[in-house]
Amino acid sequence: MYLTNEEEHILNGEAGETLRKAIEILVALGDIYGADGLIPIKSAQIAGVSYKTIGDAGLEWISDLEGQVKVPAILNPAGMDLEDWERLRISPEFAERQKAIIQAYKKLGISCECTCTPYTLEGFSAGYGDHLAWSESSAISYANSVIGARTNREGGPSALSAALLGKTANYGLHLEENRIPEVSVSVECSLKESDYGALGYVAGKIIGSKIPIFHLKDTPEKDELKALGAAMAASGAVALYHVEGVTPEACRLGFEEPEEKIIIERSQLDEVYESRERAGKEPELITIGCPHCSAAELKKVAELLKGKTVSKETWIFTSRELAKRYPDYIRTIEESGARVVCDTCMVVSPATNNYSCVMVNSGKAFAYVPGMCGAESVYGNMEACIEEATGRKGKKAGGSY
Ligand code: F3S
């Protein structure tokens with residue numbers, strides 16, 4: 001792998017220990033994956049923030065680093081709402097450790113807005129063709145697929161290293177030839193809203209880490225693409241997908257149809273919704289906002305909850321910036337007794353571990369809650385989640401609902 005003179009100096013430790021460690025990580029990855037050199041990045045998004053997932057070893061590693069990031073860098077959700085951690089019964093010990101992690105990142109010049117939807121924030125845009133180093137799987141999928149930017153599935157340490165250097169190794173999805181669809185997925189039914197999360201959950205299990213091109217009967221909205229990508233990145237390891245006639249590379253580059261073909265039918269999506277009937281227990285907790293709710297999703301939740309009262313614990317996750325931007329939606333949601341929670345989510349917060357059955361409208365949360373939180377997960381569309389929360393039960397959890 002070619003390094004410039006300046007990069008060689010950094011690798012020799014002449015720019016300090018933090019940058020030496022950072023470039024060592026990137027060069028090691030570059031050598032493994034055949035990179036020809038380092039390329040500049042526009043931004044970094046750094047996972048490995050929740051104390052629940054990185055523990056004391058992670059805190060120690062970050063605390064030892066010095067210097068400042070060279071490009072705009074932002075954090076993934078932490079383990080708690082940083083301004084109001086007590087409301088979800090987080091222990092003071094956990095809160096103390098979590099705050100120390102945030103401080104360690106802040107010291108490096110990283111923005112402590114903790115969200116998996118950085119593309120919704122003002123001043124943190126990514127554009128077509130931009131090289132990025134992002135590390136939360138749904139954000140990676142959105143950046144690659146919906147924006148047409150280029151990022152590999154970075155780990156927390158490699159994204160942080162890239163932020164400190166302002167560069168990443170040039171391999172994998174940074175190269176146009178590695179972004180061509182490998183499997184064609186035809187969906188035989190019409191889709192709306194939470195169907196996309198169910199589709200992603202089903203498709204990810206079949207596709208694994210390949211790059212799919214979808215042929216859909218409908219034109220999905222951005223939030224529906226967000227849900228599709230997040231679910232595929234969780235049940236599989238899909239970091240980039242295309243949708244014929246919709247996503248930017250499919251539109252601009254006009255790919256040839258791959259030989260491998262998959263057909264997905266309505267009955268496969270119905271099986272995901274049937275998790276509600278299959279569950280051995282009643283949901284105790286309802287969660288919406290995986291990935292973090294957009295403005296349109298907050299508006300819809302507010303409309304569905306307006307004038308109602310929840311009878312079950314109900315958490316709506318979004319970024320702090322959007323919560324501040326839309327105080328009317330937040331007020332309406334909280335007047336129902338539901339809580340709007342920022343900086344964290346149902347998967348990376350230890351708060352979810354207090355429940356044994358969680359209802360979600362996200363294919364990603366549906367996939368991760370059992371393993372990460374030790375709770376059964378059941379799937380429904382947003383309306384079904386709100387009906388469960390407000391005690392109006394007995395309806396179908398989604399699909400043709
Ligand atoms: Fe975001 Fe947490 Fe889901 S990080 S994508 S809300 S698992």
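Bear in mind that the values here come from a model prediction, so they are computed numbers and not experimental data.
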K107 NZ: over 12 foreign heavy atoms closer than 6.0 Å: yes
Has K306 got more than 12 heavy atoms of other residues, nucleotides or ligands less than 6.0 Å from its NZ? no
Looking only at non-hydrogen atoms, find the nearest pair between S184 and E257 and report the distance. OG-OE2, 2.6 Å
Got a second to check how far F124's CZ is from S43's OG, nearest 0.5 Å? 4.0 Å
Side chains of F317 and I288: does their closest heavy-atom pair fall under 4.5 Å? no
Test side-chain hydrogen bond (donor to acceptor under 3.5 Å, both in side chains), reference H292, set T115, T318, T117, T344, output is T115
Check ion pair E321-R325 (N to O, under 4.0 angstrom): yes
Atom CD of residue position E66 - does it have more than 12 heavy atoms of other residues, nucleotides or ligands inside 6.0 Å? no
Atom pair CD1/CG of I102 and L59 - distance to nearest 0.5 Å: 10.5 Å
Judged by modelled atom types alone, do S194 and N361 share a side-chain donor-acceptor pair under 3.5 Å? no
Are R276 and E282 ion-paired here, with the side-chain N under 4.0 Å from a carboxylate O? yes
Short N-O contact, K300 and E383, less than 4.0 angstrom: yes
Are the charged groups of E24 and R20 less than 4.0 angstrom apart, N to O? yes
Within 6.0 angstrom of K308 NZ, more than 12 heavy atoms from elsewhere: yes
Can you tell me if CD on E176 sees more than 12 non-hydrogen neighbours from other groups inside 6.0 Å? no
Hey, could you give me the CD/OG distance between E96 and S91, rounded to the nearest 0.5 Å? 9.5 Å
Rounded to the nearest 0.5 Å, what's the gap from CD1 on I25 to OG on S158? Could you check? 7.5 Å
Ring of Y273, cation from R278 - is the NZ or CZ under 6.0 Å from the centre and inside 45° of the axis? no
Compare all side-chain heavy atoms of C114 with those of N76 and state whether any distance is below 4.5 angstrom. no
For the residue pair M346 and T352, what are the closest heavy atoms and their distance? O-OG1, 2.6 Å
Show your reasoning for whether salt bridge (charged side-chain N to carboxylate O under 4.0 Å, His left out) applies to E334 and R339. CA-CA 6 Å; E334 298 219 314; R339 298 159 197 256; over 6 Å; no
Run L19 and L164 through side chain to side chain contact (heavy atoms under 4.5 Å, CB included) and show every step you take. CA-CA 7 Å; L19 288 185; L164 288 161; 4.0 Å; yes
Which label fits Y171 and H174: parallel for a plane angle under 30°, tilted from 30 to 60°, or perpendicular past 60°? perpendicular
Counting heavy atoms not belonging to Y128, are there more than 12 under 6.0 Å from its OH? yes
Short question: side chain of E244, backbone of H215 - any donor-acceptor pair under 3.5 Å? no
Assess the residue pair K192 and D195 against the criterion (salt bridge (charged side-chain N to carboxylate O under 4.0 Å, His left out)); give the C-alpha distance rounded to whole Å, side-chain angles, the decisive distance to 0.1 Å, and a yes or no. CA-CA 5 Å; K192 63 174 185 173; D195 289 341; over 6 Å; no
Side-chain heavy-atom pair M232, Y201 within 4.5 angstrom cut-off: no
Heavy-atom pair of closest approach, residues P258 and I213: CD-CG2, 3.9 Å
How about D84 and D81: do any of their side-chain heavy atoms sit closer than 4.5 Å? yes
I41 versus A162, closest heavy-atom pair with distance: CD1-O, 3.7 Å
Atom NZ of K210 with >12 non-hydrogen neighbours under 6.0 angstrom: no
Should S356 and E284 be marked as a side-chain hydrogen bond (donor to acceptor under 3.5 Å, both in side chains) after you check the CA-CA gap, both sets of side-chain angles, and the distance that decides it? CA-CA 7 Å; S356 67; E284 301 164 330; 3.3 Å; yes
Do S138 and E136 have a side chain donor and acceptor closer than 3.5 Å? yes
Run the salt bridge (charged side-chain N to carboxylate O under 4.0 Å, His left out) test on E113 and K324 for me, step by step, so that the C-alpha distance in whole Å, both residues' side-chain angles and the decisive distance to 0.1 Å come before the verdict. CA-CA 12 Å; E113 173 84 47; K324 282 192 179 140; over 6 Å; no
Decide, yes or no, whether a salt bridge links R97 with D56 under the criterion of side-chain N to carboxylate O below 4.0 Å. yes
Which value, rounded to the nearest 0.5 Å, describes the distance between K70 atom NZ and K167 atom NZ? 9.0 Å
Q45 and P118: which non-hydrogen atoms are nearest, and at how many Å? CG-CG, 4.0 Å
Step by step, work out the ring pair (Phe, Tyr, Trp, His ring centres under 6.0 Å) result for F255 and H242. CA-CA 9 Å; F255 298 116; H242 305 286; 4.5 Å; yes
What's the spacing between L38 CG and L3 CG if we round to 0.5 Å? 6.0 Å
Where do T314 and K312 come nearest, in terms of heavy atoms and distance? OG1-O, 2.8 Å
Which word best sums up how the rings of W134 and Y119 line up, parallel for under 30°, tilted for 30 to 60°, or perpendicular for over 60°? parallel
Check the pair R150 / D130 against salt bridge (charged side-chain N to carboxylate O under 4.0 Å, His left out), numbers first and verdict last. CA-CA 6 Å; R150 298 177 177 203; D130 285 345; over 6 Å; no
